[in-house]
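Here the structure comes first, spelled out in structure tokens, and everything after it is commentary.
Just so it is clear, the structure is predicted and the values come from calculations on it, not from any experiment. Numbering of residues begins at 1 and proceeds along the displayed sequence.
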Amino acid sequence: MSDAVIPLVSIIIPTYNHARYLGRALQSVLDQTYINWEVIIIDNHSTDNTDEVVARFSDSRTTYLKIGNNGVIAKSRNAGIKLAKGEWIAFLDSDDWWTADKLQVLVDC
């Protein structure tokens, strides 16, 4: 058995009124074959049902934060980086998704 430690990957998802897409993005994170991750959702005070979508994905590795970014998505990404505990950072847009092996391929490289 190897004593190698597998790195924690912090996944940062900035979002604003993308509830209709966010569920697919979050499901693609939950479906990862690589399991040592955390996901940090940074919401720019969405006015749609983003809260409800996030609540459906109850996982201890999920953090949800609302901030006002004044339309500057970099503020959301930077807020996520400040909260990140991982050795590595990965960004996932709220209207995108990953194949199930995305993080495993990343870590293997």
Side-chain angles (χ1 to χ4, degrees):
M1 179 183 281
S2 171
D3 289 336
V5 176
I6 59 172
L8 176 65
V9 178
S10 296
I11 304 157
I12 299 168
I13 304 177
T15 192
Y16 176 69
N17 285 344
H18 273 178
R20 66 185 176 271
Y21 307 116
L22 185 59
R24 185 171 185 183
L26 289 171
Q27 189 61 54
S28 78
V29 172
L30 289 171
D31 291 344
Q32 290 301 299
T33 57
Y34 185 86
I35 60 170
N36 196 24
W37 53 260
E38 66 173 347
V39 64
I40 303 165
I41 304 151
I42 307 294
D43 182 6
N44 184 27
H45 293 282
S46 294
T47 58
D48 62 4
N49 64 326
T50 294
D51 292 343
E52 295 170 23
V53 172
V54 173
R56 287 196 312 249
F57 291 89
S58 176
D59 189 292
S60 63
R61 299 170 290 180
T62 301
T63 301
Y64 181 47
L65 176 68
K66 289 187 176 200
I67 69 163
N69 72 13
N70 298 316
V72 181
I73 196 167
K75 288 183 180 180
S76 292
R77 288 190 175 118
N78 288 336
I81 290 169
K82 287 178 184 175
L83 291 174
K85 298 176 186 126
E87 180 179 341
W88 293 354
I89 304 283
F91 294 106
L92 175 59
D93 290 336
S94 57
D95 62 350
D96 204 353
W97 65 92
W98 289 340
T99 60
D101 64 343
K102 159 71 175 177
L103 291 179
Q104 189 63 59
V105 169
L106 173 83
V107 171
D108 287 346
C109 289

Can you get from [X] to [Y] by hopping between Ile, Leu, Val, Met, Phe, Trp and Tyr side chains that sit under 4.5 Å apart?
{"X": "Ile42", "Y": "Val9", "value": "no"}
{"X": "Leu8", "Y": "Phe91", "value": "no"}
{"X": "Leu30", "Y": "Leu106", "value": "yes"}

For residues [X] and [Y], determine if any side-chain heavy atom of one lies less than 4.5 Å from a side-chain heavy atom of the other.
{"X": "Thr50", "Y": "Tyr64", "result": "yes"}
{"X": "Leu83", "Y": "Ile12", "result": "no"}
{"X": "Val105", "Y": "Thr99", "result": "no"}
{"X": "Trp98", "Y": "Gln32", "result": "yes"}
{"X": "Val29", "Y": "Leu92", "result": "yes"}
{"X": "Ile13", "Y": "Leu26", "result": "yes"}

(request) Could you pull out all residues at least two apart from Ala84 that satisfy side-chain contact (heavy atoms from CB on, under 4.5 Å)? (result) Ser10, Glu38, Ile40, Ile89
Can a donor-acceptor pair be found, under 3.5 Å and without considering hydrogens, that links the side chain of [X] to the backbone of [Y]?
{"X": "Asn17", "Y": "Ser46", "result": "no"}
{"X": "Asp59", "Y": "Arg61", "result": "yes"}
{"X": "Asn69", "Y": "Asn44", "result": "no"}

(request) Sequence neighbours left out, what pairs pass ring pair (Phe, Tyr, Trp, His ring centres under 6.0 Å) with at least one residue falling in residues 7-40? (result)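 Only His18-Tyr21 qualify under ring pair (Phe, Tyr, Trp, His ring centres under 6.0 Å).
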State the [atom1]-[atom2] distance between [X] and [Y], to the nearest 0.5 angstrom.
{"X": "Asn49", "Y": "Arg56", "atom1": "CG", "atom2": "CZ", "answer": "7.0 Å"}
{"X": "His45", "Y": "Ile67", "atom1": "NE2", "atom2": "CD1", "answer": "7.5 Å"}
{"X": "Thr15", "Y": "Asp48", "atom1": "OG1", "atom2": "CG", "answer": "7.0 Å"}
{"X": "Ile11", "Y": "Ser28", "atom1": "CD1", "atom2": "OG", "answer": "8.0 Å"}

(message) Is it true that, when you exclude Ile35 itself, more than 12 heavy atoms of the residues, nucleotides or ligands shown sit nearer than 6.0 Å to its CD1?
(response) no
(message) Testing the basics here: between Val53 and Gly23, what is the closest heavy-atom pair and its distance to 0.1 Å?
(response) CG1-N, 3.6 Å
(request) Output all residues satisfying side chain to side chain donor-acceptor pair (under 3.5 Å) with Lys66, sequence neighbours left out; order by chain, then residue number. (result)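 Only Asp51 meet the side chain to side chain donor-acceptor pair (under 3.5 Å) criterion with Lys66.
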